[in-house]
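Owing to the predicted nature of the structure, the values given are computational and were not obtained by experimental measurement. By convention here, the first residue in the shown sequence is residue 1.
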Amino acid sequence: MKNKGKITVSIIGVVLSIALLVVSAILAEEKIINTATAVVLIAVSVVLVWIAISYAAKVDYETGVYKCRKCGHTFKPTFRAYVWGAHTLTTRHLKCPECNEKSWCTRKKMK
């Protein structure tokens with residue numbers, strides 16, 4: 001439950017940052033704020049989105065393991081493999097350390 005709260009905070013951060021990005025672009029387009037201010041606000045919102053997404057990925061990585069579809073081995077991938085592996089909401093294309101085969105591994109919650 002504690003991790004769901006962290007993910008929720010991260011999602012709220014992303015949404016608010018995107019809102020700041022959109023509002024900044026609109027205000028700049030309508031000449032309500034000057035271009036320099038708009039650039040700063042847009043840069044800040046992009047950084048905030050990146051931080052929030054990174055935080056959510058870190059929390060998700062720390063709470064899950066993956067099960068190989070080929071051999072059934074349960075393992076925790078490296079953070080790099082976790083981030084860069086092709087994925088859906090519940091699977092990632094990972095190389096199993098047990099059988100050394102790549103497959104769509106299913107995410108399981110750590111016990």
Side-chain angles (χ1 to χ4, degrees):
M1 191 66 166
K2 186 169 135 180
N3 291 323
K4 283 187 180 181
K6 290 179 180 180
I7 295 289
T8 302
V9 167
S10 182
I11 291 169
I12 290 169
V14 168
V15 170
L16 291 175
S17 298
I18 291 172
L20 176 62
L21 178 73
V22 170
V23 168
S24 300
I26 291 169
L27 293 175
E29 182 66 27
E30 296 296 322
K31 308 286 189 232
I32 296 170
I33 59 175
N34 64 33
T35 305
T37 304
V39 168
V40 169
L41 288 174
I42 290 168
V44 167
S45 64
V46 168
V47 169
L48 291 175
V49 167
W50 183 81
I51 289 169
I53 290 173
S54 298
Y55 181 72
K58 180 179 177 282
V59 170
D60 187 56
Y61 172 75
E62 290 174 349
T63 60
V65 293
Y66 288 84
K67 183 176 181 179
C68 177
R69 285 196 180 167
K70 299 213 177 190
C71 71
H73 178 67
T74 301
F75 65 99
K76 184 167 197 77
T78 64
F79 188 69
R80 181 178 181 184
Y82 168 83
V83 169
W84 294 107
H87 60 277
T88 66
L89 289 176
T90 58
T91 62
R92 283 192 187 269
H93 197 251
L94 300 167
K95 184 176 181 180
C96 174
E98 187 71 21
C99 67
N100 289 319
E101 296 287 330
K102 279 193 168 187
S103 68
W104 285 96
C105 301
T106 307
R107 186 180 189 282
K108 305 288 182 190
K109 288 185 180 178
M110 287 180 23
K111 295 177 182 176

**OP:** Taking salt bridge (charged side-chain N to carboxylate O under 4.0 Å, His left out) as the test, write out the residues that go with Arg107, two or more places apart.
**Re:** Asp60
Original post:
Is there a donor-acceptor pair under 3.5 Å between the side chain of His73 and the backbone N or O of Cys71?
Top reply: no
Subject >> Approximate separation, where rounding is to 0.5 Å, of Leu16 CG and Leu21 CG >> reply: 12.5 Å
Original post:
Do Tyr61 and Lys76 come close enough that some side-chain heavy atom pair is under 4.5 Å?
Top reply: yes
Original post:
What closest approach, in Å, do Leu48 and Ser17 show between heavy atoms, and which atom pair accounts for it?
Top reply: CB-OG, 3.0 Å
Can you give me every donor-acceptor pair (side chain of residues 23-32, partner residue at least two apart or in another chain, under 3.5 Å) with its distance?
{"from": "Ser24", "atom 1": "OG", "to": "Leu20", "atom 2": "O", "distance (Å)": "2.7"}

**OP:** Give, for atom OG1 of Thr90 and atom NZ of Lys108, the distance between the pair rounded to the nearest 0.5 Å.
**Re:** 9.0 Å
Subject >> Heavy-atom side-chain proximity of Lys67 to Val65 below 4.5 angstrom >> reply: no
Original post:
Which ILVMFWY residues are connected to Trp50, directly or by a chain of links, through side-chain heavy atoms under 4.5 Å apart?
Top reply: Val47, Ile51
Output side-chain donor-acceptor pairs under 3.5 Å for residues 93-105, partner residues at least two apart or in another chain, one line each.
none

**OP:** Return the set of residues passing salt bridge (charged side-chain N to carboxylate O under 4.0 Å, His left out) with Lys58 (not counting sequence neighbours), or none when no residue passes.
**Re:** Glu62
Original post:
When rounded to the nearest 0.5 angstrom, what distance separates OH in Tyr66 from OG1 in Thr106?
Top reply: 9.5 Å
**OP:** Could you list the residues that satisfy ring pair (Phe, Tyr, Trp, His ring centres under 6.0 Å) with Phe75, not counting sequence neighbours?
**Re:** none
